[in-house]
Amino acid sequence: MRTPIRAVTPESSTAEIAGWVHEIRDLGGLVFLLIRDRTGIIQVTIPKKKASPLVLEAVREVSRESVVRVTGTVKAIEKAPGGRELVPESIEIISQSASPMPLDVVEKVPAELDTRLDSRFLDARRPRVAAVFQIRSTVIRAVSEFLHARGFINITTPKVVAAATEGGTELFPIAYFDREAFLNQSPQLYKQMLMAAGFEKVFEIGPIFRAEEHNTTKHLNEATSIDVEVSFADHLEVMALLEELVIHCYSTVAESCSDQLAQMEISGFEVPKAPFPRLPYAKAIEIAAAKSGEKIAYGDDIGTVAEKAIGEEMGSHYFIVDWPTLIKPYYAMPSEADPKVSNAFDLMHPRMELASGSQRIHQHNLLVHQIRSKGLSAESFEFYLTPFRYGMPPHSGWGLGAERLVMTMLGLQNIREAVLFPRDRHRLVP
Ligand code: AMO
């Protein structure tokens, strides 16, 4: 039976391990093979004089990054990783690796991100890279557990759709038999329709597609969105839920990923504290003008430079609230007190936007009016609008970018580092 490398301790007497040949060090009379599996690294020590001919032949033939199985005796030794070594009785080469490799797993030569992504399967053998995806997995589990515990239903909505959600641009058209269809930009319309179905609390963790032209360090063409929709709740209630969820994700990672954080050399991992400040849009653009010199007219979007300046001023997670109705999507509810402002919010990390959401319009007539006032055709939204005529409860929700959450949590420089196989303007393989 194969033992995970981490479970081989100085107290073990014998062990059978299997993994990749991380390094080969030939010191003349002694050869060291470092063998790696996902749990750790062990030193296999081969004294040339004492080893069997079969073991010596395997050692001569094996190349780095080959998959091997080794059985032998465990000895306590202080200098080796984990305080133990394995002296082999047999070494079986299960799968020999070709060389030279397109990427150095041991990373003596640091590689460009593009080279790493071209050979992601090798890149992800690096414990530091694998740690990102173990943490990402923990974050997704934390989200799912958190929402299930609060009575949410996990939904799956179509990714092949007939209409835009977030406005007409940024859509990927596809051929759907003899009709035009699109890859969905957001589950927005579907999660809202399920409020009319009486589900009350839904969530989805799934792909969203955006034909963003710009190739930046924080945009993907295929991203993962954590979407939530709640009936009988206003924007303030779903903001509180979002804040609690983000903190829960950080706490879960702090509690259960200490090895991975150490692997990534992240020390002093900080869990953000509630409440996140609520910054009105009008104040945000004032800060941007004062700090970055970038003047934003009321009603214009907050661009990257301004976002950065505001982020520096705020220093930790915060919400931007009281957005002008004009720049928020048609489904955002205008404030009762001042309809020029909508009940919409963005959750910000000092580096970038993480989520946006709002209280939604639940009145059919108002929604049709808003769709038309954005220059969109209400007819193409028929399937979405009909449920609003047969008993639609008031509701609110948000969409949180999973990659941006992981990227900002781990201080990654490029969003592509938080995706196994990113899709961007230039990348369609692997
Ligand atoms: P929005 O378009 O702001 O809102 O998207 C929500 C969040 O999804 C992430 N995101 C992206 N991440 C990486 N690359 C992209 N191209 C990309 N586009 C979006 C961001 C963003 O904050 N329907 C609304 C949500 C709602 O109101 O419920 C929506 O899609 O982190």
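Below, all heavy atoms of this structure are taken into account, side chains as well, without hydrogens, waters or symmetry copies. Whatever order the structure lists them in is the order used to number ligands and atoms, beginning at 1. Everything numeric in this text was worked out from a predicted model, so none of it was measured.
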#### Entry: Check: R360 and Q188 side chains under 4.5 Å, non-hydrogen atoms
yes
### Task
Give the single entry among Q192, K218, R210, H219 that approaches atom 18 (N) of ligand 1 most closely by any heavy atom.
R210
### Task
Taking only Lys NZ, Arg NE, NH1 and NH2, and the carboxylate oxygens of Asp or Glu, determine whether D322 and R278 approach each other closer than 4.0 Å.
no
### Query
What atoms in ligand 1 come closer than 4.0 Å to a heavy atom of S186?
23 (N), 30 (O)
### Query
What is the nearest protein non-hydrogen atom to atom 10 (N) of ligand 1, stated with its residue, atom name and distance?
I208 CD1, 4.2 Å
### Message
How far is atom 12 (N) of ligand 1 from the closest protein heavy atom, and which atom is that?
### Response
R404 NE, 3.7 Å
## Note on the structure
In this structure, atom 7 (C) of ligand 1 is nearest to the protein heavy atom G399 O, 3.6 Å
### Task
Specify the protein heavy atom at minimum distance from atom 26 (C) of ligand 1: its residue, its atom name, and the distance to 0.1 Å.
Q188 OE1, 3.2 Å
### Message
Under a 3.5 Å threshold, yes or no: a donor from one side chain and an acceptor from the other, between T224 and E403?
### Response
yes
### Summary
protein heavy-atom neighbour closest to atom 22 (O) of ligand 1 works out as E353 OE2, 2.5 Å
### Query
Among the heavy atoms of S225, does any lie under 4.0 Å from an atom of ligand 1?
no
### Query
Do any nitrogen or oxygen atoms of L354 lie less than 3.5 angstrom from nitrogen or oxygen atoms of ligand 1?
yes
#### Entry: Lys/Arg N to Asp/Glu carboxylate O, K273 vs E243, below 4.0 Å
no
### Query
Can you find a pair of side-chain heavy atoms, one from R423 and one from L220, that are under 4.5 Å apart?
no
### Message
Would S356 count as a polar contact of ligand 1, with the cut-off being nitrogen or oxygen pairs under 3.5 Å?
### Response
yes
### Message
Suppose we measure from atom 24 (C) of ligand 1 to each protein heavy atom; which comes out shortest, and what is that distance?
### Response
Y331 OH, 3.3 Å
### Message
Please enumerate all residues that pass salt bridge (Lys or Arg N to Asp or Glu O under 4.0 Å) together with K291, with sequence neighbours excluded.
### Response
E313
### Query
E212 near ligand 1, heavy-atom distance under 4.0 Å?
yes
### Donor-acceptor under 3.5 Å (N414 side chain, E417 main chain)
no
### Query
Is ligand 1 less than 4.0 angstrom away from at least one heavy atom of R360?
yes
#### Entry: Subset of ligand 1 atoms that lie under 4.0 Å from at least one heavy atom of W398
26 (C), 28 (O)
### Query
Is S95 reaching over with its side chain to a backbone N or O of V67, donor-acceptor style, under 3.5 angstrom?
no
### Task
For I415 and ligand 1, answer yes if some heavy atom of the residue is under 4.0 Å from a ligand atom, otherwise no.
yes
### Task
Might you confirm whether atom NE2 of H369 has over 12 heavy atoms from other residues, nucleotides or ligands at distances under 6.0 Å?
no
### Summary
shortest atom 15 (C) of ligand 1-to-protein heavy-atom contact is with L220 O, 3.5 Å
## Note on the structure
Min over A355, G401, G357 of heavy-atom distance to atom 8 (O) of ligand 1 lands on G401
### Message
Holding to salt bridge (Lys or Arg N to Asp or Glu O under 4.0 Å), I want the full list of residues that pass it with E85, two or more places apart in sequence or in another chain.
### Response
none
#### Entry: Donor-acceptor pair, side chain of T252 and main chain of H248, under 3.5 angstrom
yes
#### Entry: Identity and separation of the nearest protein heavy atom to atom 29 (C) of ligand 1
E166 OE1, 3.6 Å
#### Entry: Stepwise salt bridge (Lys or Arg N to Asp or Glu O under 4.0 Å) check, K328 with D346
CA-CA 10 Å; K328 280 291 169 187; D346 280 4; 2.8 Å; yes
### Task
Assess K191 for proximity to ligand 1: is some non-hydrogen atom of it under 4.0 Å away?
yes
### Message
Tell me whether M352 reaches ligand 1 (any heavy atom closer than 4.0 angstrom to a ligand atom).
### Response
no
